[in-house]
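The block underneath contains the structure these notes are about, expressed in C-alpha cells.
Numbers here are sequence positions counted from 1. Small disclaimer: the values here were computed from a predicted structure and weren't measured.
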Amino acid sequence: MKIFLFLTLCICLGYIGIGQNINISTTALYKWNEIGMQAANNIGSGLYPPMPESRMDAMAAIAMYDVVNAISAKSKLFHFETNVAVINMNAEVAIATAAYKIYLHEMPAQNMFLDSVYKLEIGKIMASEAKSDGIDLGNKVAESILQWRSTDLADKAMYPVEPGNKPGEYRFTSPFDGPPFNTPPFKGIYADPGWGKITPFVLNTANQFRPAIEPYKTTDKRYTKEYNEIKNKGCKECPKRSKDQTEFALFWQESSPRGWNRIAVNIAKKQSLNAHALSELLVLLHMAIADSYFASMDGKLHYFYWRPVTAVHLADNDDNPKTASDQNWIDLGFPTPPIPDYPSAHACAGGAAAEILKYYFKTDNLKFSTVSDTYPGVTRSFNSFSQAAKENSDSRVYIGYHFRHATIIGEEVGKKVGRYVVTNFKAN
C-alpha cells in the first residue's frame, strides 16, 4: 500500500512520466527551428549543401521532440531514455538548449551567431531550479543524440572518386573539375559520394528503395527526347522555356530542407498545432528528408550517370547520331551540383516531404502559398502537396540540372521513403 501511494505521489508530482498533462508552449520550437534554418542559410548553400543540412535538421528535430516528450510524456521518446524529474522544469529552456547544442556542433562556423542568440534567449529567463533543470535536460538530450550519430559514417562520406569515360558515365562538372577542386588525391569534386552509406534515421538501409529501373542508355530514343528537352529548356538563355518555367525553376532552387520546412511551419501555425503535435510534425518531416538524401545518394553512386551539362558538351561522342553537342551550353542554375544525375535528390526530398505533409494533415488537397530564399519577392500557390512536389521535381529540368527521368524516379523514391518513415519512426 505504501509503495502504491509513493508511486501515485511521484506521478502526480511529475517524477515519473506517465500521463502528465503539462502545457508546453510552441514558442521555443518555432524559434529554434527558425534559428537553425537561418544559421544554415548564413553559411551559404555552396558551403553547406542540403545533405548535411538535412542530417542536422533531423538531429535537432529529434532533440526537440525528445525534450517535449520527456516532459509531457505524451509519446514514446525517439532516442533519449530518461527518468528525470520534470516537476516545474522550464520546457522552453530545455528545448532551446537541446537545439542549440546540436546546431553548434554541426555548424561550428556559426558559433558567434548561435552563442549570441542562445545567451539572449536564456538571459530573458530568471535564474531558478526550473531553469537549471531545463538546461541540464537539454544538454543531456543533445549529447545523447550527438553520441548516437557520431558513428553513422557521416564523417567518412567524402573521398576521391574516378570520373567515368564512357557515354552516360558521370564526369566532374565545372567549376568542380578544375583548381582548387582537382588537387590530389582528387581529380575533381564529387560531393560526399559516401552519403548513401550513412546509417539512416528510420530506413533500414539507404539502398532499401534503390530504383530498379536504370537510367536511359544514350542510344535509347527516350534519352534522345529528354536530351532535346533539357538542351532546349534547361539552358541559361533558353528561348523555348516559358516565363513561368523559369520562375519556378529558380524558386525551387532553394535548399529542400529549408523550403519544405517553411511550408510545414506555416501550415502548422495556421492550424494552431500544440507543442507535441508540432514537434512530431518536424521530426517526421526532417527524418524523411534526411533519409531521402541517403537513399538518393546511394542511387547516384550506384548508377553514376552523367549530368545534362556533360551530355550536351559530349553529345558528338555519345553513340547517338540524333543528339548534337553545344560546347557553349550552360545550365540556368549554374553551377550544376557536383553529384551524378540519377535519381534526383531534390525530387526525392520533395516526394518524401509531400508524403509526410499529406499524412500529417490528413489530406493531400490542402491549399497553401509559400516563398523562397532563391527567388525573393515571388509567392507561389498550390492546391495540394502533390502539386507542389511535382513542380519541385519539374524545376530541376528547367534549371538544367536533371534529365526528366531522374526527377520522376527521384520523386517516386521519395514517396516510398516518406511512407516508410510515417509507418516506422516510432519503432526505434
Side-chain angles (χ1 to χ4, degrees), residues 29-30 33-34 36-41 45 48-62 64-65 201-202 248-271 273 277-296 344-361 363-364 366-375 378-396 399 407 410-422 425:
L29 290 170
Y30 282 123
N33 172 264
E34 176 58 28
M37 297 295 151
Q38 183 179 345
N41 200 32
S45 59
Y48 203 74
M51 292 95 73
E53 182 179 353
S54 69
R55 175 178 172 272
M56 175 191 70
D57 291 340
M59 291 164 64
I62 293 168
M64 291 189 285
Y65 176 86
F201 288 94
V202 182
F248 74 72
L250 296 172
F251 184 92
W252 286 103
Q253 190 180 15
E254 182 179 33
S255 160
S256 289
R258 288 200 291 278
W260 287 99
N261 180 83
R262 183 184 299 111
I263 292 169
V265 164
N266 286 343
I267 296 172
K269 288 179 178 177
K270 287 183 178 180
Q271 297 201 3
L273 295 190
L278 176 60
S279 69
E280 186 175 8
L281 170 62
L282 292 176
V283 81
L284 280 167
L285 178 72
H286 287 295
M287 288 197 301
I289 292 175
D291 277 8
S292 78
Y293 276 109
F294 300 140
S296 59
S344 165
H346 199 81
C348 191
E355 285 301 305
I356 295 299
L357 297 176
K358 283 192 285 187
Y359 159 80
Y360 204 82
F361 294 109
T363 182
D364 184 20
L366 194 156
K367 294 183 179 181
F368 65 94
S369 298
T370 190
V371 296
S372 168
D373 287 339
T374 53
Y375 208 179
V378 171
T379 298
R380 294 190 68 84
S381 300
F382 304 93
N383 294 318
S384 68
F385 299 122
S386 293
Q387 182 190 14
K390 178 64 166 55
E391 185 176 277
N392 171 72
S393 296
D394 289 348
S395 74
R396 302 312 259 190
I399 204 166
T407 68
E411 186 178 338
E412 287 301 316
V413 171
K415 289 177 180 178
K416 292 177 181 178
V417 172
R419 292 168 193 151
Y420 189 86
V421 168
V422 161
F425 92 104

Ignoring hydrogens, what is the shortest heavy-atom contact between [X] and [Y]? Give both atom names and the distance.
| X | Y | value |
| --- | --- | --- |
| A264 | L285 | CB-CD2, 3.8 Å |
| V413 | A295 | CG1-CB, 4.2 Å |
| H286 | A58 | O-CB, 3.6 Å |
| M56 | A40 | CE-CB, 4.3 Å |
| S255 | P257 | OG-CD, 3.1 Å |
| I399 | A249 | CD1-O, 3.5 Å |

Close side-chain approach of [X] and [Y], heavy atoms under 4.5 Å:
| X | Y | result |
| --- | --- | --- |
| F361 | L281 | yes |
| C348 | E411 | no |
| P50 | Y293 | yes |
| F382 | T370 | yes |
| Y359 | L284 | yes |
| T374 | L250 | no |
| I267 | L366 | yes |
| Y360 | E280 | yes |

_Option among L282, D57, I62 that satisfies the side-chain contact (heavy atoms from CB on, under 4.5 Å) test with M287_ =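 The option that passes is I62.
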*With respect to R55, which candidate in M51, E53, M59 satisfies the side-chain contact (heavy atoms from CB on, under 4.5 Å) definition?*
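Filter result, single survivor: M59.
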Calculate, to the nearest 0.5 Å, the distance between atoms [atom1] and [atom2] belonging to [X] and [Y] respectively.
| X | Y | atom1 | atom2 | result |
| --- | --- | --- | --- | --- |
| I289 | I356 | CD1 | CD1 | 8.5 Å |
| N383 | K367 | CG | NZ | 5.5 Å |
| N392 | S344 | CG | OG | 7.5 Å |

*Please lay out, stage by stage, how W252 and Y375 fare under the test side-chain contact (heavy atoms from CB on, under 4.5 Å).*
CA-CA 8 Å; W252 286 103; Y375 208 179; over 6 Å; no
*With K416, which residues qualify under salt bridge (Lys or Arg N to Asp or Glu O under 4.0 Å), at least two apart?*
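K416: no salt bridge (Lys or Arg N to Asp or Glu O under 4.0 Å) contacts found.
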*With sequence neighbours left out, what residues match R262 under salt bridge (Lys or Arg N to Asp or Glu O under 4.0 Å)?*
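Partners of R262 by the salt bridge (Lys or Arg N to Asp or Glu O under 4.0 Å) criterion, ordered by chain and then number, come out as E254, D373.
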*Could you tell me which residues satisfy ring-ring contact (aromatic ring centres under 6.0 Å, His included) with F248, sequence neighbours excluded, listed by chain and number?*
Y398
Polar contact flag, side-chain donor to acceptor under 3.5 angstrom, [X]-[Y]:
| X | Y | answer |
| --- | --- | --- |
| S381 | S369 | yes |
| Q253 | S395 | no |
| S386 | S384 | no |

*Give a yes or no on whether a salt bridge exists between R419 and E355, defined as a side-chain N under 4.0 angstrom from a carboxylate O.*
yes
*Is a side-chain N or O of D364 found less than 3.5 angstrom from the main chain of K358, in a donor-acceptor match?*
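Such a contact is absent between D364 side chain and K358 backbone.
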*asked:* Determine whether N266 and K270 satisfy the following criterion, side-chain contact (heavy atoms from CB on, under 4.5 Å), listing intermediate values before the conclusion.
replied: CA-CA 6 Å; N266 286 343; K270 287 183 178 180; 5.5 Å; no
*Going through the distances and angles, do L357 and W260 end up as a side-chain contact (heavy atoms from CB on, under 4.5 Å)?*
CA-CA 9 Å; L357 297 176; W260 287 99; 3.9 Å; yes
*asked:* Under 6.0 Å from the ring centre and within 45 degrees of the ring axis: does the NZ or CZ of K269 meet both conditions for the six-membered ring of Y30?
replied: yes
*Are F425 and F201 close enough that their ring centres sit under 6.0 Å apart?*
no
